[in-house]
Amino acid sequence: MSALHPEDAARLARRVPVLQRVREVIVEATRLRLAPEAIDPDVHLFGAGLGLDSIDALELVLALERAFHTRLVERTEPAAVVLRSANGVVDRLLELGAA
């Protein structure tokens, strides 16, 4: 097994705690009966994935924005794009420099 490139290791070190917090917020905001660690980072949050609905989406966006002190979704894009998966949320937060 090869070691990670230093840039990849730094990116992963930054990403892991953000993913953990995003999972926690998903569980808290939507009252899922799952441990945060049980959420696959790539599973769809809505529909056949975790089964969240539009009310959950609103609550989740508000909770994430409070937790990370940033505006997660802009008016010019659908929230479904950002909220597709936990990894999608992490990508956006890192892109915004909010984490």
Side-chain angles (χ1 to χ4, degrees):
M1 180 176 245
S2 63
L4 286 175
H5 188 275
E7 288 177 17
D8 292 335
R11 191 175 308 120
L12 185 60
R14 188 169 171 222
R15 187 175 188 83
V16 167
V18 176
L19 175 60
Q20 181 57 32
R21 183 64 185 130
V22 165
R23 286 169 159 166
E24 291 168 357
V25 172
I26 291 169
V27 168
E28 293 165 8
T30 63
R31 293 167 291 291
L32 283 176
R33 293 179 185 238
L34 288 174
E37 299 79 24
I39 297 174
D40 179 328
D42 293 316
V43 74
H44 285 261
L45 299 179
F46 301 90
L50 290 181
L52 302 182
D53 61 25
S54 59
I55 303 246
D56 293 322
L58 178 59
E59 291 175 353
L60 183 54
V61 167
L62 294 173
L64 287 164
E65 289 180 347
R66 277 192 307 270
F68 290 95
H69 309 289
T70 191
R71 184 168 189 105
L72 188 63
V73 178
E74 296 300 323
R75 292 177 192 250
T76 59
E77 65 189 329
V81 172
V82 176
L83 297 175
R84 181 168 287 137
S85 67
N87 268 335
V89 174
V90 172
D91 290 343
R92 173 51 60 92
L93 291 167
L94 293 174
E95 175 186 303
L96 293 171

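This one's a predicted model, so the numbers in the text were calculated from it and none came from an experiment.
- Remark: the backbone N or O of L72 is paired with a side-chain donor or acceptor of R92 at under 3.5 angstrom.
- Taken from CG in L58 to CG in D53, the straight-line distance is 10.5 Å, to the nearest 0.5 Å.
- The residue from V22, V27, L19 that alone fulfils the side chain to side chain contact (heavy atoms under 4.5 Å, CB included) condition with P36 is V27.
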After noting the C-alpha distance and the side-chain angles of L32 and D56, does the key distance pass the side chain to side chain contact (heavy atoms under 4.5 Å, CB included) rule? CA-CA 10 Å; L32 283 176; D56 293 322; over 6 Å; no

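- With rounding to the nearest 0.5 angstrom, the CG atom of L96 is 7.5 Å from the CD atom of E74.
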For R66 and L62, run side chain to side chain contact (heavy atoms under 4.5 Å, CB included): C-alpha distance rounded to whole Å, both residues' side-chain angles, the deciding distance at 0.1 Å, then the answer. CA-CA 6 Å; R66 277 192 307 270; L62 294 173; 3.8 Å; yes

Start with the C-alpha distance between V89 and L60, add both sets of side-chain angles, then the distance that settles side chain to side chain contact (heavy atoms under 4.5 Å, CB included), and finish with yes or no. CA-CA 11 Å; V89 174; L60 183 54; 5.8 Å; no

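- Taken from CG in L83 to NE2 in H44, the straight-line distance is 12.5 Å, to the nearest 0.5 Å.
- Here the CZ atom belonging to R14 is positioned 10.0 Å from the CG atom belonging to L93, to the nearest 0.5 angstrom.
- Salt bridge status for R31 with E59: present, with a side-chain N to carboxylate O gap under 4.0 Å.
- Between R15 and L94, the shortest heavy-atom distance links the atoms NH1-CD1, 3.6 Å.
- Interatomic distance, E28 CD to R23 CZ, rounded to the nearest 0.5 Å: 14.0 Å.
- The minimum heavy-atom distance between V25 and A67, with the atom names listed, is CG2-CB, 3.8 Å.
- The distance from the OG atom of S85 to the CD1 atom of I26 is 8.5 Å, given to the nearest 0.5 Å.
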